Amino acid sequence: MSTVEQQLDELEATITDELPAGVSVTSVAYEGPELVVYTRDPKRFAQEDDLVRGLASRLRKRITVRPDPSVLSQPERAREEIMDVVPEEAGVTDLDFHADTGEVVIEAQKPGMVIGRGGATLREITKTVGWTPEVVRTPPIESSTVTNVRNFLKQEREERREILERVGRQIHREEMSDDEYVRITTLGCCREVGRASFILSTPETRVLVDCGDKPGAEGEVPYLQAPEALGAGPQNIDAVVLTHAHLDHSALIPLLFKYGYDGPIYTTEPTRDLMGLLTLDYLDVAAKEGRTPPYESAMVREAIKHTIPLEYGDVTDIAPDVKLTLHNAGHILGSSVAHFHVGDGLYNVAFTGDIHYGDTRLFDGAVNDFPRVETLVMESTYGGRNDYQTDQDDSERKLKRLIREAHEKGGKVLIPAFAVGRSQEIMLVIEEAMREGEIPSMPVHLDGMIWEATAIHTTYPEYLRDDLRSRIFHGEDNPFLADEFNHIESGEERQEVADGDPAIVLSTSGMMTGGPVMSWLELLGPDPDSTLLFVGYQAQGTLGRRIQNGRRDVAVGDGRDTVSVNMDVETVDGFSGHADRAGLENYVKTMSPRPEKVLCVHGDERSVQDLSSGLYHDHNVRTFAPKNLETFRFL
Ligand SMILES: [Zn+2]
């Protein structure tokens, strides 16, 4: 008998002892980080909700109670009874019964009304029907990504459960080593921006944090073949943690599965969905540009199937000696600072991923309050000594003025933007300005993946700033549903907009390196009354940067035609998703507790050096500006 089986037998005996007489336990099993307890008395657990709480604190585990299949009521009957318990205003759109686990997935427009105060309605459901309810939000804007991911996971339910059981056994295996150390190996994004990837290792465990590509340098991937990473075989890695969905952090996660990795990915639910959207688009773009994609779309599905979603603040066992907690990073939807607690009070490391320290319209600022942190691995994108950004209020004022001026001339405003993050921030500025009469009301057309990315934002309002969240909760006030917003679905529609009245167009790609923004440039470029408005960083070598620098004759189509850009070309910065130099310093300065060591990564040579020496001199922490493939030993 394996040790995990012994462990489960002992747990079952302990749980039976702890529970009041007459409450049965039919089996216990690990599913990923959770301990699942099957019982013939689910209604008792629902009635006395301190039973689960008591077990969880006694056993120090996350516990899920599920009904034994023998006590389940018929789905047809349960459906009617659930609909009687749940208030009509919840807007239930789907009920999906899974007899194998006794779970019923309830999809509703207002999940809060299905949950009830302190979970009261959920308990009422179990008390009535015995099934364990799980609630998901019906996307307020239809999202093909969310629908596809949910359908796919439903279809793969059985295999997913096998994966979770296997991962559960891995996490709860007996520790083999008495040795104690913590190491970090840098596999990418050191003294460069792009291909973020690190290995956190202990004698027992290896965790890969992020696995991104390097935009504009497709051949340069993280050093995955290093002995600390996949060099010793795919089973060398216990877990993958993804901080956020941007491709420079996520693009090569599916590649791990092509190399034979078969373990879990821990990330937030919105990051999982955005990763699906962005990596599939990444394959699409590679194919269109005639490059061989590094993996097939089947590998994206593998990644989604292996994802174990975590909520901010959940402390989760991911290995016998490692606990992971994700915290809001304020950068894009679902973005996280990943905090690792190693051993029993042995050592703590936090990886910032990409952060924004101040509040924005979309998100609260990044969390920098932890129980303990000895080492911080920190992004340095704007770490250079002069990397200060315009105040967002000033940026918004300038944006509104330029929109008003274009409208007065009867022109259009074309804004190239990334699908995720900046687009939604700009949408919120425009929606408020129109509502308050600061700019004239006019159609705002969204092209490329912006609409889909916005739909994903509205599916997960819990991850947005609280005032925005409550507006989405009260459906009628959802700013993303304002009448002015229109989803562009065809080339003809673009032509109509170009021939029509003043309007605003938000379109991908953000640096004009392809995508529908190229069609818009062809249509609107020659119009001197229209404005081309940059709101994001334009990298060296991109068309956006060339136009910013004064280029006015631009090749379009297959490069055979040129278009003259007679539009006004303007730049409004200050909408970045990254902290600027002051934000990065404040993040460390106000961090609780102050870390002993900071590794400055994810920035060009100058930025990491500047930030590293700045933090060392002004804030009295030991700092490093590592190169790729360095290993640091802590402890
Ligand atoms: Zn990012």
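Counting starts at 1 for both ligands and their atoms, in listed order. From a predicted model like this one, the values you see are computed outputs, not experimental measurements.
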#### Entry: Atom of His246 closest to the Zn ion (ligand 1), considering N, O or S atoms
ND1
### Message
Name the residue from Phe634, Phe351, Phe370 that meets the ring-ring contact (aromatic ring centres under 6.0 Å, His included) definition with Phe340.
### Response
Phe351
### Query
Any side-chain donor-acceptor pair under 3.5 Å between Thr147 and Ser144?
no
### Query
Does any N, O or S atom in His578 come within less than 2.8 Å of the Zn ion (ligand 1)?
no
### Message
Checking Lys214 against Glu192 for the salt bridge (Lys or Arg N to Asp or Glu O under 4.0 Å) test, could you report, in this order, the C-alpha distance in whole Å, the side-chain angles of both residues, the deciding distance, and whether it holds?
### Response
CA-CA 9 Å; Lys214 188 166 175 179; Glu192 61 180 352; 2.8 Å; yes
### Task
Could you tell me whether Tyr312 and His327 have their ring centroids closer than 6.0 angstrom?
no
### Message
If I take the Zn ion (ligand 1) as the centre, what angle separates the OD2 atom of Asp354 from the NE2 atom of His331? Nearest 10 degrees is fine.
### Response
100°
